[in-house]
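Reviewing the structure listed below.
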Amino acid sequence: MLNFDEQRFLRIQSGAIALQSRLETVIVSCLSAGAENIFFLGTGGAAILMQPAVQLLQRRSRFPTFIDMPAELVLAGSAQLTDKSIVVMPSLSGTTKESVALLARLKEIGATVVTLVGHQETPLGKGGDHVFVNFAEDDTSCESFYMQSLFIALAILNHRAEIENYPEIVSQLSRMPALLLEVKRAYEPKAEAFAKVLAASDYHIITGAGNVWPEAFYYGMCILEEMQWIRTRPVHASDFFHGTLELVEKGVSVILFKGEDAARPLAERVQNFAPGYTDKLTVLDTAEFELPGVSADVRALVSPVLMATVLERISAHLEVLRNHPLTTRRYYKRVAY
């Protein structure tokens, strides 16, 4: 595979899987001690990657689950954020400015802070009440964060008897690193063609629904815009028909992400509409990826993980096609802001 270290990928994703047992122990101890709600408080891309876990809890559990922006909470606060709150703070660097600023306020409130970081010796690596460290870099962080947050959500559901077959689900998830590697290998022959679609236009409408919508938003903002300087319009498939459809015409690129959860019909609605008005609809469908031994229910849970692992292969080809390394920035961590 182009510019890809298989052993590094397996090591990082296996590191995320290895955190499952301790994540469950910590979450269950918080619930047993009387926790009343949970907040997922990341910044930027890390925050987006928490959204599938938040959605899972909001759809399937009566346990109050919130997601918010640290930068706003520092200024405005939240009546729901108390000493009975569990706060999950993801940050790959462990130094994200807005998250670090909120950490001091969380200490004052007395919330229990669970940090998910790539580096121990950082403000968030040292500042959490429970710190989970799994080194990763931009090209491997999505799967790692998706899996860690999924384990947190599943632990809550299981403790509250709101999910069935929990041990089997966790067992299947433990096999994901090797399965994801096979997905990458199988998709590699198609990755360059998809990258050529992205490279051929300086503007894309990117859409999806359910738990792959966050990956659509993430890929548009954090990869195409931040790392490739390609303009995008991420829009949820359910909102596509409330404004964005008026921008669809011949020559306009529409990129559709299709997952396997209950929201799949919303993506199919876009897929049925777009070809009648643009000649540039491109679909990425997780149902096309083989996962031997994984049940339909678990496939639905890991749809954003599958999407992220295939998009990494596309990005690897895109940076070569455009002669624009993914590490190139104008402003991010380069100038004061």
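Because the structure is a prediction, the values reported are computed rather than measured. Quick note: numbers below take in every heavy atom, side chains included, and nothing from hydrogens, waters or symmetry partners.
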- Test: Arg269 cationic atom under 6.0 Å from Phe240 six-membered ring centre, within 45° of axis: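 No, Arg269 and Phe240 do not form such a contact.
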- Are Lys184 and Phe9 in a cation-pi setup, meaning NZ or CZ lies under 6.0 angstrom from the ring centre and within 45 degrees of the ring axis?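 Yes; both conditions hold, so Lys184 lies above the ring face of Phe9.
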Whether the [X] and [Y] side chains hold a donor-acceptor pair (N or O, under 3.5 Å, no angle test) is what I'd like checked.
X	Y	result
Ser144	Gln148	yes
Gln271	Lys258	yes
His204	Ser253	yes
Ser315	Tyr219	yes
Glu98	Thr43	no
Glu24	Gln20	yes
Thr65	Gln58	no

- What is the minimum heavy-atom distance between Pro70 and Ser99, and which atoms define it?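 For Pro70 versus Ser99, the nearest heavy atoms are CG-OG, 4.1 Å.
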Does [X] pair with [Y] as a salt bridge, N-O distance under 4.0 Å?
X	Y	result
Asp5	Arg11	no
Glu108	Arg105	yes
Asp129	Lys107	yes

Heavy-atom donor-acceptor pair, [X] side chain to [Y] backbone, under 3.5 Å:
X	Y	answer
Asp261	Asn211	yes
Ser171	Pro167	no
Ser85	Val87	no

- Query: To the nearest 0.5 Å, what is the distance between CG (Asn3) and CG (Leu326)?
  - Reply: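 CG of Leu326 is found 9.5 Å from CG of Asn3.
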- Task: Mind checking the CG-CE spacing from Leu102 to Met89? Nearest 0.5 Å is all I need.
- Result: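 Interatomic distance, Leu102 CG to Met89 CE, rounded to 0.5 Å: 4.5 Å.
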- Query: Going through the distances and angles, do Tyr146 and Glu215 end up as a side-chain hydrogen bond (donor to acceptor under 3.5 Å, both in side chains)?
  - Reply: CA-CA 10 Å; Tyr146 277 140; Glu215 183 61 23; 2.6 Å; yes
- Could you check Thr244 against Arg233 for side-chain hydrogen bond (donor to acceptor under 3.5 Å, both in side chains), going step by step and ending with a plain yes or no? CA-CA 9 Å; Thr244 304; Arg233 169 63 167 103; 3.2 Å; yes
- Only one of Thr122, Thr96, Thr115 passes side-chain hydrogen bond (donor to acceptor under 3.5 Å, both in side chains) with Ser91; say which it is.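 By the side-chain hydrogen bond (donor to acceptor under 3.5 Å, both in side chains) criterion, Ser91 pairs with just one of Thr122, Thr96, Thr115: Thr96.
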- Query: Which of these, Glu188, Lys190, Arg322, sits in a side-chain hydrogen bond (donor to acceptor under 3.5 Å, both in side chains) with His317?
  - Reply: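 Option passing the side-chain hydrogen bond (donor to acceptor under 3.5 Å, both in side chains) with His317: Glu188.
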- Is there side-chain contact between Lys280 and Val252, with at least one heavy-atom pair below 4.5 Å?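 Side chain of Lys280 against side chain of Val252, heavy atoms only: no contact under 4.5 Å found.
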- Message: Between Glu226 and Arg329, is the salt bridge (charged side-chain N to carboxylate O under 4.0 Å, His left out) condition met? List the steps.
- Response: CA-CA 7 Å; Glu226 178 187 324; Arg329 304 287 190 277; 2.9 Å; yes
- Hey, what's the ring geometry for Phe273 with Phe241, parallel, tilted or perpendicular (30° and 60° as the breaks)?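 Phe273 vs Phe241 ring planes: perpendicular.
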